[in-house]
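Worksheet: the structure to be examined is printed underneath.
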Amino acid sequence: MTKTIVTLAGDGIGPEIMTAGLDVLQAVAAKIGFDYQIDAKPFGGAGIDEKGHPLPEETLSAAKEADAILLAAIGGPKYDTAPVRPEQGLLAIRKALNLFANIRPVKIFEALKHLSPLKAEKIAGVDFVVVRELTGGIYFGEHTLNRDSARDVNDYTADEIRRIMRRAFQTAQNRRKLVTSIDKQNVLATSKLWRKVADEVAEEFPDVTLEHQLVDSAAMIMITNPARFDVLVTENLFGDILSDEASVLPGTLGVMPSASHSEDGPSLYEPIHGSAPDIAGQGIANPVSMILSVAMMLRESFDETAGADMIETAVDKTFEQGIFTRDLGGSATTREMTEAIIANL
Ligand code: NAD
Ligand code: IPM
Ligand code: MN
């Protein structure tokens with residue numbers, strides 16, 4: 001049956017990398033016989049410009065009906081003082097589709113090791129996944145900005161914690177079977193609940209080891225000994241910060257994909273980086289984060305393991321051939337990088 005993929009190219013480098021991702025998808029689909037159609041919709045700043053809203057009604061209804069959603073990036077300085085920001089569309093689609101489980105894998109590419117700011121011996125063996133709670137916490141609590149005071153509310157229910165915790169343990173079952181739950185339970189009430197639920201869920205998964213780590217020391221371990229992590233699970237805000245910290249390990253944000261899942265609706269796949277306004281429109285953005293997001297989509301939404309493997313292997317091979325975009329210290333354009341990956345499929 002034909003699968004419908006809703007694409008949200010968004011802003012800045014978004015449209016450039018979306019084109020790259022879709023070119024790779026087309027080439028792989030032809031090889032593996034994957035039948036799909038694309039439904040491109042305005043979103044983020046592009047949604048504001050076209051429809052007056054970062055998540056226009058037609059975009060949300062198409063996303064709800066989709067088999068999967070690909071998002072490139074949103075945001076930009078143009079909207080910094082606007083009454084509605086593109087980022088509100090991103091939070092709104094996550095909430096509306098109940099995309100509570102954000103999976104951000106971190107691995108080191110052999111051919112990119114030299115780009116890591118960490119020494120080779122610290123980087124060796126780094127392979128972990130950040131499981132970030134994406135629809136709760138301080139992002140979605142009440143925000144109040146007064147003239148001389150402000151308040152952001154951090155709310156979590158045990159059910160919200162339990163479902164993300166179970167995802168983390170399930171993820172660990174297929175990996176090295178270690179879950180590191182990250183909180184700030186020495187200060188925060190939400191973190192005390194987080195830790196209690198983590199201990200309860202751990203009893204359902206006797207084959208997986210659970211350890212707890214305070215977020216400040218976890219941030220430190222990510223630099224001093226990142227290879228010891230397997231699956232990190234944490235609340236929305238800590239996950240945002242720690243996943244950007246993690247992205248420094250491979251040497252660039254430009255190679256980091258992600259997947260966001262709900263209980264049973266369509267999943268959304270997107271790079272973890274933003275719209276990179278500083279390089280937008282120049283054709284030099286690294287398309288690998290988007291291309292690897294396409295691979296995650298093939299594997300996790302469509303069970304097309306061969307297609308996903310094919311893309312990931314082609315990316316490895318392209319790096320081994322020394323073809324690098326500027327963020328990787330090379331001079332390949334977005335198009336050249338994409339064509340090299342397609343040639344290596
Ligand atoms: P950013 O991730 O857009 O850029 C940070 C740095 O990384 C920049 O120097 C940029 O050039 C570089 N970079 C990012 N992606 C790259 C790629 N594919 N190839 C080469 N270089 C790349 O973060 P920012 O500058 O803090 O934010 C810019 C805008 O993006 C803001 O409006 C922010 O809110 C938004 N944002 C959106 C998302 C999203 O769409 N999911 C995520 C993060 C930030
Ligand atoms: C991300 C981004 C978003 C977030 C912003 C743009 C709202 O930083 O996807 O990591 O904070 O979740
Ligand atoms: Mn972020």
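Both counts, for ligands and for their atoms, begin at 1 and track the order of listing. Computed over heavy atoms, backbone and side chain alike; hydrogens, waters and symmetry mates excluded. Quick caveat: nothing in here was measured; it's all calculated off a predicted structure.
Proximity of a side-chain donor or acceptor of D230 to a complementary backbone N or O of L178 within less than 3.5 Å is detected. The closest donor-acceptor contact from the side chain of R132 to the backbone of N236 lies under 3.5 Å. S293 contributes no side-chain N or O that, together with a main-chain N or O of P257, makes up a donor-acceptor pair within less than 3.5 Å.
Between A285 and ligand 1, a contact under 3.5 Å exists for no N or O pair. Checked against a 3.5 angstrom limit, the closest N/O atoms of I74 and ligand 1 fall inside it.
There is a protein heavy atom less than 4.0 angstrom from atom 11 (O) of ligand 1.
Protein heavy atom in closest approach to atom 17 (C) of ligand 1: N286 N, 3.7 Å. Closest protein heavy atom to atom 25 (O) of ligand 1: P277 CD, 4.3 Å. For atom 38 (C) of ligand 1, the closest non-hydrogen atom on the protein side is G274 CA, 3.4 Å.
Those atoms of ligand 1 that come under 4.0 Å of a heavy atom in I13, given as number and element, are 17 (C), 18 (N). Of all atoms in ligand 1, listed by their number and element, those nearer than 4.0 Å to a heavy atom of G75 are 32 (O).
The distance from the OG atom of S258 to the CG atom of L268 is 7.5 Å, given to the nearest 0.5 Å.
Protein N/O/S atoms found under 2.8 Å from the Mn ion (ligand 3): D240 OD1.
Residue I272 places a heavy atom less than 4.0 Å from ligand 1.
Scanning E87, R132, R85 for the heavy atom closest to atom 7 (C) of ligand 2 points to E87.
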